[in-house]
Every structure is written in structure tokens, then in C-alpha cells.
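Proteins come first, then strands; the chains are lettered A, B, ... in the order of their sequence lines, and each starts at number 1. Given the structure is predicted, the values throughout are model-derived calculations rather than measurements.
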Amino acid sequence: MFRNRKAKDALFTFAFPLAMFVLMELLCFFLKGRHLVGSLLDVKTLVRNTGISAIIAFALSFNLSCGRFDLSLGAQRLAGTIIGGMIAMELGLSGLWFLLFSFLCGLVFGFITGMVFVITRVPPMVLGVGIGLVWECVPYTMSKGKGLNLFGVHGTEILTDTVFTIAVMIVVAVFVSLIMNRTKFGYEMKAIQGSQLIARNSGINIFRHAVLCYMFAGGLVCVAGIIDAAFQTQMSSTMGLASNGVVVSNMFAMMLGGYIGERSNQATGVIVASLTLNLFSYGLTLMELSEANTSVVNQTVFVLFLVFLANRYYFRKRKAEKARIAQALEQRRIMSVA
Amino acid sequence: MKCSEWCSKASASFRRFTEDRLFSRLLPVVFLLVLVCVFSIATGGRFTSAQSMKVIVQQALIVATVSTGACFIFATNNVNLAMGATTVLTAVLSGMAYNATNSVVVMVVVALLLGSVIMTVSALLSTLLRVRVMFVTIVMMSLLSAVQESILGGSTISLPYEMITMLTDMNFSYIAFGSFFIGCVILFHFTDVGRSLRFIGTNSTCAEQTGISRNKYMLIAFITAGVGCGIAALLAIVRAASIGSKTLSSLNMDCMLALVLGGMSIFGGSKSFAFAGVVGAVTVCVLNQGLLMVGVSSSIIQGIRGILFLILVCTAQTRPKGLPAPEG
């Protein structure tokens, strides 16, 4: 019975990318006469996009699963990646150090944002606007508007390696999985997800927990940032909260990952969801849909998924409610007869 | 009296003073006046010239219109990040409607209807379909921006000079904004709608148990905000005569800044007031124009705006004992 359930859960988890692959392969083949994955370059692109998307989704999940949406996460990614990269470049260090310095800078920016949040206690979305404006300004001023240019920088080739991207993704997934399932932090997270007030009254330090969430999110989003910057050989310094687009576009992966993860675990769920959505987007791109149109399709599917997520127990609840009313009426009838 | 006792009494009095409703309404006005004085002195009077003031008012009109509509949503303790995207998409489609029909009436009707319809969809998603407002607003922001990009591509929609001149000569912008603003103030402060929205913002559960339908009033709030977006789209067309992919790109951020700088309570409720958007919009434009005239670079202006935003949010709001509850 147990083994059967495990097999069912595994089937459910991997059915998403498999079904998406088959669907997009068929569409590509019949509409464009080509395969979804036809060359090594396609594999590399898919792995890179899935890795970046999954890491950002992990970062998002720290705050979003506690009901907070940090609007400054994109700005933290920008600031941490550019400043971390600039430090590593100034010191003449190699690729892994770029990753490490970006991660550390992300932790610092996340920590400061978290501290500001617990001190001011302004709603995260509102706070994110103010903090995001400031964080975007920092790398812009420090790099004099140039951003981070990694073109021809010795030692950064490792960051563009497909195996390295997979390795980083696995390390992040293991880290998130351990921290969520095997530590006090994860236990507190589950309590806060249930009710922040009850968690606080039962002795959980929700303020420390929030700062840690912001810190981890900042660190992870910068890891994704430096890998992305290495692939594109640069990261431009944007203003006007434009940096947030990358983070917002990965919210779907996080939400779908949470849903798939109900049958396995969150880490597997997020990776599988990222792969599924990247297969979808890649297929649409191969079918010559513009970036804007791909985004329209993606966001529309996301809206439909949110509607499904919010109402998936609707009929079950309604049935239970009807049964309860019927039972109450029956009880009343028996009592009136008696 | 011990020093610590004196400190705690002083801090309690300061807290009482800052939590006072009059303080939260007067602080933004005082802040605006101080800014005007400071920039006037720093620029040797150039800042208060008629030309400069005209530019500020014209810039502020669009932000003020969107912010005034957004007050209705803010009052219910919700945040809508899709206001900017709604306005731009409405401007694009109403501009296209004018080019197709050559009729100003059609353009106005399309703008007002489209703004309301987009906001109604957002409201229905969060009420009837029970998706959390936080998710609805983020997804709608991305979706509407993508639709706008998909329609425009890299092109720009230009409108005929004669039509723009005619509307400018008619003072269309001032009339449209004035009518909307007066309507909003009446609706928010002198009718049941405003009272109910503020009640929902203060305590949603209590409001529902008193017989106030949250869904109904959320729908009203979103539709009012949608009408604001429609009018703002028309004002943008009249001001720029063309709509491109970069038009009003900072509107969302300016709108949030305006509401906070205008003294709107970020937790909604009884401290909300409809003219916060106007005061805030003027403050945002004064700040932009003043800092530019003083010679501050645009990147630093953004940082200063962010810091001021945080300071004002913290000064004018009551700090909750716990962390803010999850949005939506």
C-alpha cells in the first residue's frame, strides 16, 4: 500500500514535465516540423533557464509561503550581483568567488531589508517599493550606470557550464529541503504559515524568523543573478523598479512547485515546476511567438492556475456542507418526533 | 523624576501626537510646503516661477487621478500594483479607438469602460473566485504589461495634433480631473460607500458581521479605481499626444509614493482620506522637479525618494505590535 502510494506520488510529480514535453513536442513537430529539443544548445538553454528559474522560485518561497511578497527582491538581486561581481573582479578572483561574493552581498542586502521590515513593520509590499528604490540606486551609482560586465573576464567560464548550473541547483535544493524539513527554522515556518499570531503566542520568535527569511531569499536570488549575468556576459543596472520583472515572472514556478510538492517535497516540486514551465515557454518560443505573446500566454495560464488553486476544494466543501445540513435536519426531525 | 520615566512619557506623548488623525493629515501638507520653501531658496526663486509651477501641475494631474482612485482600494487595507499597467493599456486601446473612428466621444467611452472592466476583472478574481488580492494584483500587473507590449511591439500610437489642441484648449484635463476628484471626495467622505470601505479596512471580519458585504464594496472600490485609470489614460493622451512602450512606465511607483507621501494610511481604515493622492502627487512632482533643478542626478533622486518614502511611512503610521498580517 505504502509503496503504491509512493509510486503514485512520483508519477504525479513527474507527469507534469513529461506531459508538457509531449504536448510541446507534438505542437512543434506538427506546426513547425522540428523537435522541441533538437540540439545540445537546446539542452543547455533549458538547463540554464530551469536552474535560474528554480533558484529564484526557492528564494521567493521563503517569504511568499509566510504571506509576504517582497517587492524589493529584484532590486536585491541587482545590487547583490553587481556589487558582489565588482568586488570579485577588483580582487582578480575566479568564477566561484563571483558566486560566493554575490551570495554574501545578497545575504547582507536581505538582512538589512529584513531588519528594516521588523523594525518598521510596514506591510512587505509597501516596504518593498521604498527599499527597492534605494537598492536599485546603489549599484547604479557604484557602477556609474554601467552595471556588471563579465565579457572576457577570466575564470567566469565555469559559471556558464551546464554541469555547474545543475550542481548549484542541486545544492540549493538540498539546502532548502534540509532547512525546511530538518531544522527548527522549518518547524517555525510551518507554524507561522498556519497562524502568525498563534506562532508568536506559543513562543516562536517571528521577528528573527522574518529576518532569516529575507536573508536567505536575498542570498539565493543573487546566486541566480550571477549565473544569469555570466550567461549573458553582463547585468545592466536598471531603475524604476524594473528589476522586479525577473522575480515576478518566476512566481508561477514557485506556486506550481508548491502544488506539485504536496505529493513529494517542496524542493522537488519547485525544480519540476520550473522545468515544466520552461519547456512550455521554450516550445512557445520555437513556435515563433514573440516574448510579449509568450508572456501573455504564461500569465493567463498562471491566472487560471491561481483560480484552480483557490477553488480546488470548493465542490468537496460544498458537498460536506450539504451533508452537514442534511444531518442536522435529520437530527431535528428525529428530535421533533421524539 | 527619573530620566527613564521622563523618556517613556515623552515617547508616549510623541506616539499619541503622531497617531492623531489631524497630524497624519497635516504632516504631508507641511512637508510639501517645506519642500517648496527649500527648493525655492536653493534655486534662487526659479522653482516658484509660473513656468515651473505649470510643469509640476501638469505632471501631477495624471498621478493624482490614479492615486485618488487607488485610495478606495488602499482604504480596504489592500494594495493594487496593477494601476499603472491598467492606465497604460487603457491609453493604448483608447488611442487606437480614436484612430479607428476619429471620434473623441468613442475614445472617452472606451477609456472609461476599459479601465472599469479591467479593474472589475481584478475585483471578481479576488472576490468571486477567491484568489488572494496580493496574487491578483501582481499577476495582473505582469499580464497587462505583456498585453500592452504585445499590442504595441516597438511602435508608438500617435494621435492627431488638432484633436489634442482642441482638448487642451477646452481645459479637458482640468475638467476631467476636477469632476473625478470631487466625485471621489463625495463618495468617500459623505456616503455609505466610503464609510463601509473604511470599516472593511479597519476590521474586515467585524464589518462583514455587521452586514457589510466585503465583495460588493471591493467591487465598488475597484471600479472607482478603474474609472480613475481611464481618466488618467485620457490625460496621458492629451499631454503626450502619443503612447509608446515607455509611456508612464513609472506611474505605478509614483502612485504608491504619492499615496504614502500624501498621508494615506497604508493599513487602510478610518485614517484614510480621499485627497491624500492629490497632496502626494504634487509632493512627488515637486520633489522630482526640485531635485532636478538643484542639479541632483536622476539615480540619486530615486534613492532620495525611496528614503523619504520609508521615513514618511514610519512616521505617519501606527507601528503594529506583531508583524503585519499577510496581505490579501
Side-chain angles (χ1 to χ4, degrees), chain A residues 64 66-69 71 116-127 129-138 140-141 144-145 192 196-197 200 206-207 209-210 237 239-242 245 248-249 251-252 255 290-300 302-303 306-307 309-311 314, chain B residues 77 79 81 121 125-126 129-132 134-153 249-250 252-254 256-257 259-260 266-267 297-314 317 319-328:
Chain A
L64 211 54
C66 290
R68 296 186 290 263
F69 183 72
L71 261 180
V116 174
F117 172 61
V118 296
I119 291 168
T120 60
R121 297 179 198 177
V122 172
M125 269 167 92
V126 178
L127 179 81
V129 174
I131 290 268
L133 291 174
V134 181
W135 286 158
E136 277 188 345
C137 175
V138 175
Y140 191 92
T141 313
K144 294 183 179 118
I192 291 169
Q196 191 167 260
L197 190 67
R200 191 184 175 207
I206 55 168
F207 306 105
H209 188 273
S237 191
M239 301 283 277
L241 288 184
V248 169
S249 63
M251 218 171 97
F252 191 8
M255 301 290 288
S290 69
E291 204 180 322
N293 285 337
T294 306
S295 186
V296 171
V297 177
N298 262 322
Q299 296 301 326
T300 310
F302 187 21
V303 172
L306 285 175
V307 171
L309 219 55
N311 296 285
Y314 177 75
Chain B
N77 195 11
V79 178
L81 294 172
V121 171
L125 277 170
S126 60
L129 296 169
R130 293 181 290 179
V131 181
R132 282 171 64 179
M134 177 175 75
F135 295 138
V136 171
T137 170
I138 295 166
V139 178
M140 286 303 277
M141 178 178 69
S142 308
L143 179 61
L144 297 175
S145 301
V147 172
Q148 176 221 337
E149 212 178 303
S150 178
I151 293 170
L152 279 180
S249 56
S250 66
N252 222 12
M253 190 178 66
D254 286 343
M256 290 277 278
L257 273 172
L259 283 169
V260 171
I266 49 168
F267 296 106
S297 79
S298 59
S299 63
I300 304 288
I301 290 178
Q302 175 167 321
I304 293 173
R305 279 165 52 159
I307 292 167
L308 275 176
F309 177 85
L310 291 172
I311 292 172
L312 274 170
V313 163
C314 301
Q317 316 296 331
R319 187 170 175 259
K321 282 182 182 163
L323 292 175
E327 289 106 332

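Rounding to the nearest 0.5 Å places CZ of A:Phe117 at 5.0 Å from CZ of A:Arg68. Note: A:Gln196 CD to A:His209 NE2 = 10.0 Å, rounded to the nearest 0.5 Å. Atom CG in B:Leu143 sits 13.5 Å away from atom CD1 in B:Ile138 (nearest 0.5 Å). To the nearest 0.5 Å, the span separating CG on B:Leu308 from CD1 on B:Ile301 amounts to 11.5 Å.
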Review point. Does the side-chain contact (heavy atoms from CB on, under 4.5 Å) test come out yes or no for A:Leu241 and A:Leu71, once each step is laid out?
Key: CA-CA 9 Å; A:Leu241 288 184; A:Leu71 261 180; 5.6 Å; no
**Study point:** Residues B:Phe309, A:Val126; criterion side-chain contact (heavy atoms from CB on, under 4.5 Å); working and verdict
**Key:** CA-CA 10 Å; B:Phe309 177 85; A:Val126 178; 3.7 Å; yes
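Both the backbone and the side chain of A:Thr300 come within less than 4.5 Å of a heavy atom in chain B. For B:Ser249, no part lies near chain A; criterion is any non-hydrogen pair under 4.5 Å. Within the 4.5 angstrom heavy-atom criterion, only side-chain atoms of B:Leu81, from C-beta onward, approach chain A. Contact annotation for B:Leu129: both backbone and side-chain heavy atoms come within less than 4.5 Å of a heavy atom of chain A. For B:Ser142, the parts lying under 4.5 angstrom from a heavy atom of chain A are both the backbone and the side chain. Contacts of B:Leu310 with chain A are made by side-chain atoms alone, with heavy-atom separations under 4.5 Å and no backbone atom involved. If you measure heavy-atom distances from B:Leu144 to chain A, you find no contacts under 4.5 Å at all.
Among the candidates B:Met256, B:Met140, B:Arg130, B:Arg305, the residue making the largest number of heavy-atom pairs closer than 4.5 Å to chain A is B:Arg130. In terms of heavy-atom pairs under 4.5 Å with chain B, the best-connected choice from A:Leu64, A:Val296, A:Asn298 is A:Val296. Among A:Asn293, A:Val122, A:Thr120, the residue making the largest number of heavy-atom pairs under 4.5 Å with chain B is A:Val122. Interface remark: of the candidates A:Arg121, A:Glu136, A:Arg200, A:Arg121 forms the most heavy-atom pairs closer than 4.5 Å to chain B.
Remark: B:Ser299 pairs with A:Tyr140, A:Thr141, A:Met239, B:Ser297 by the side-chain contact (heavy atoms from CB on, under 4.5 Å) rule, at least two apart or across chains.
Counting all heavy atoms, side chain and backbone alike, B:Ala146 lies closest to A:Ser295 at CB-OG, 3.5 Å.
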